[in-house]
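As the structure lists them, so they are numbered: ligands from 1, and atoms in each ligand from 1.
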Amino acid sequence: MRLSRYFLPVLKETPSEAQIVSHRLMLRAGMIKQSSAGIYSWLPLGYRVLRNIEQIVHEEQARAGHIPMLMPTLQSADLWRESGRYDAYGPEMLRVEDRHGRDMLYGPTNEELITDIFRSHVGSYKDLPLTLYHIQWKFRDEIRPRFGVMRGREFLMKDGYTFDLTKEDALHAYNRHLVSYLRTYERMGLQAIPMRADSGPIGGDDTHEFLVLADTGESEVFYDAEITDLKFGDRAINYDSVEECQAVLEEFTSRYARTDETHDAAEFAKVPEDRRRTARGIEVGQIFYFGTKYSEPMGATVADADGTRVPVHMGSHGIGVSRLLGAIIEASHDDKGIIWPEGVTPFHAGIVNLKQGDAEADAACQSLYDSLKALGLDPLYDDRNERAGGKFATMDLIGLPWRITVGPRGLKNGVVELTSRRTGESEELPPEQAVQRIASIYGTVNA
Ligand code: 5CA
């Protein structure tokens with residue numbers, strides 16, 4: 001993409017309404033625009049990151065064997081009357097009436113809708129286990145929408161629903177989600193710690209929240225510092241294996257880690273004092289096992305091996321897709337702007353032309369641009385007629401992990417400059433080598 005032809009409305013002033021750094025930076029970098037309280041338009045740069053996050057979620061869901069689909073945003077109130085949640089959900093639910101006077105609602109979550117689909121089409125234990133998920137907009141009329149996309153009213157969520165014959169099978173589905181989430185968040189450059197939590201309006205006793213540590217987080221958390229040394233990394237795991245998933249779950253959840261809702265001071269005191277940590281965290285996902293809470297009242301049953309109809313055991317598993325943009329920025333920025341992890345960056349590298357209009361510099365930039373594109377990478381070429389300082393400031397603000405700077409002086413010596421956004425370190429090297437370096441960082445070099 002050439003910046004002169006892109007739509008990147010960066011702001012010079014720091015917006016006064018934004019209280020936390022991720023919100024400020026998303027507004028300044030032209031990623032989002034508020035449309036009304038807690039509701040945002042996703043401008044092109046923000047939309048690119050949102051799609052990258054979705055893509056990682058889809059890939060990791062596929063790896064775990066989960067099946068994608070799409071359910072609507074508007075739901076019929078009748079389904080929610082069946083589960084008993086229509087009244088229980090309270091003022092957070094946005095209720096609407098259609099022209100025929102029928103009660104509808106903008107879905108805050110989808111347990112009822114998916115249970116209805118299940119009961120219409122699945123009748124035998126032989127069709128289990130089943131995990132269906134979608135990535136869809138939700139609406140919760142939060143009393144205090146704030147912090148930009150972090151606590152929105154309209155927000156994008158991945159929600160997955162598991163159906164199993166027995167509690168043991170359903171707990172394996174729970175464990176499998178926990179494992180796949182560890183990998184999902186790490187690919188986004190995040191450490192998200194599973195913590196024992198409270199289930200709120202979704203229900204059930206077994207639930208973990210995934211928290212990214214950040215001073216601006218809304219949750220108070222208590223944990224054993226040893227947890228932050230754990231990495232899931234690139235291990236190959238068989239998601240069908242009960243033992244393998246169980247082992248990973250134990251590794252990541254056996255140490256003390258709880259949100260304030262479930263915190264137990266006496267238990268916490270057993271953690272050696274030098275490892276006890278109290279901090280704040282951003283909840284980027286939550287998994288629930290709630291048994292037959294929805295299947296029983298809604299009649300979602302299957303015939304078991306003896307032909308007896310039994311309600312299925314269910315769980316639901318959510319990732320805060322749009323909230324993740326805020327969480328990643330909270331975890332990765334400096335005073336100049338965002339620092340995108342390679343896994344989610346909107347463009348793989350920025351190209352800064354120090355002397356637009358200089359035939360040699362223009363040609364070198366174009367050639368870098370074409371070479372990166374040919375390798376399947378997406379560069380952002382700042383080809384505007386602007387001063388170098390302004391171009392650097394924009395690149396730093398929007399946070400591309402790698403920048404190639406091209407100027408007549410370097411070209412005389414056959415080199416360009418490759419700069420890491422994270423470390424600020426620069427290196428001079430021939431243009432082809434800069435391209436190879438970036439390609440190998442993103443792992444796209446054809447050997
Ligand atoms: N049905 C279950 C799981 S599928 C569910 O709704 N879970 S949840 O309520 O925990 O939401 C899942 C994730 O959505 C949360 O972990 C959080 O990351 C994100 N989320 C929840 N409320 C908001 C909000 N107001 N703004 C942005 N993200 C939110």
Student: As a check for students: among Phe288, Phe290, Phe147, identify the option with a heavy atom nearest to atom 7 (N) of ligand 1.
Tutor: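 Nearest option to atom 7 (N) of ligand 1, by heavy atoms: Phe288.
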Student: Select the closest option to atom 24 (C) of ligand 1 among Phe139, Phe210, Phe155, judged by heavy-atom distance.
Tutor: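 It is Phe155 whose heavy atom sits nearest to atom 24 (C) of ligand 1.
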Student: Tell me which part of Gln286 gets within contact of ligand 1: side chain, backbone, both or neither, using heavy atoms under 4.0 Å.
Tutor: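 Near ligand 1, Gln286 shows its backbone as well as its side chain.
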Student: Would one find an N or O of Lys158, backbone or side chain, under 3.5 Å from an N or O of ligand 1?
Tutor: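 Checking ligand 1 against Lys158, no N or O pair falls under 3.5 Å apart.
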Student: Decide whether Arg85 and Tyr294 meet the rule of one side-chain donor and one side-chain acceptor closer than 3.5 Å.
Tutor: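 There is such a pair between these side chains.
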Student: Is the shortest N/O to N/O distance between Gly318 and ligand 1 below 3.5 Å?
Tutor: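 No, since none of the N or O atoms of Gly318 sits under 3.5 Å from an N or O of ligand 1.
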Student: Are any of the N or O atoms of Glu142 closer than 3.5 Å to those of ligand 1?
Tutor: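 Indeed, backbone or side chain, Glu142 has an N or O that close.
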Student: Would you say Asp159 and ligand 1 have an N/O pair spaced under 3.5 Å apart?
Tutor: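 Checking ligand 1 against Asp159, no N or O pair falls under 3.5 Å apart.
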Student: Do any nitrogen or oxygen atoms of Arg140 lie less than 3.5 angstrom from nitrogen or oxygen atoms of ligand 1?
Tutor: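 Right, the criterion is met.
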Student: Can you run down the salt bridge (charged side-chain N to carboxylate O under 4.0 Å, His left out) pairs that involve residues 24-52, sequence neighbours left out, and say none if there aren't any?
Tutor: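 Every pair satisfying salt bridge (charged side-chain N to carboxylate O under 4.0 Å, His left out) with a residue in residues 24-52: Arg48-Asp378.
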Student: In terms of atom number and element, which parts of ligand 1 are under 4.0 angstrom from non-hydrogen atoms of Val149?
Tutor: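 Atoms satisfying the 4.0 Å criterion: 27 (C).
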Student: Only one of Tyr381, Tyr6, Trp402 forms a ring pair (Phe, Tyr, Trp, His ring centres under 6.0 Å) with Phe347, so which one is it?
Tutor: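 For Phe347, the ring pair (Phe, Tyr, Trp, His ring centres under 6.0 Å) test succeeds with only one of Tyr381, Tyr6, Trp402, which is Tyr6.
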Student: Counting only nitrogen or oxygen atoms and a 3.5 angstrom limit, does Ser322 reach ligand 1?
Tutor: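 By distance alone, the answer is no.
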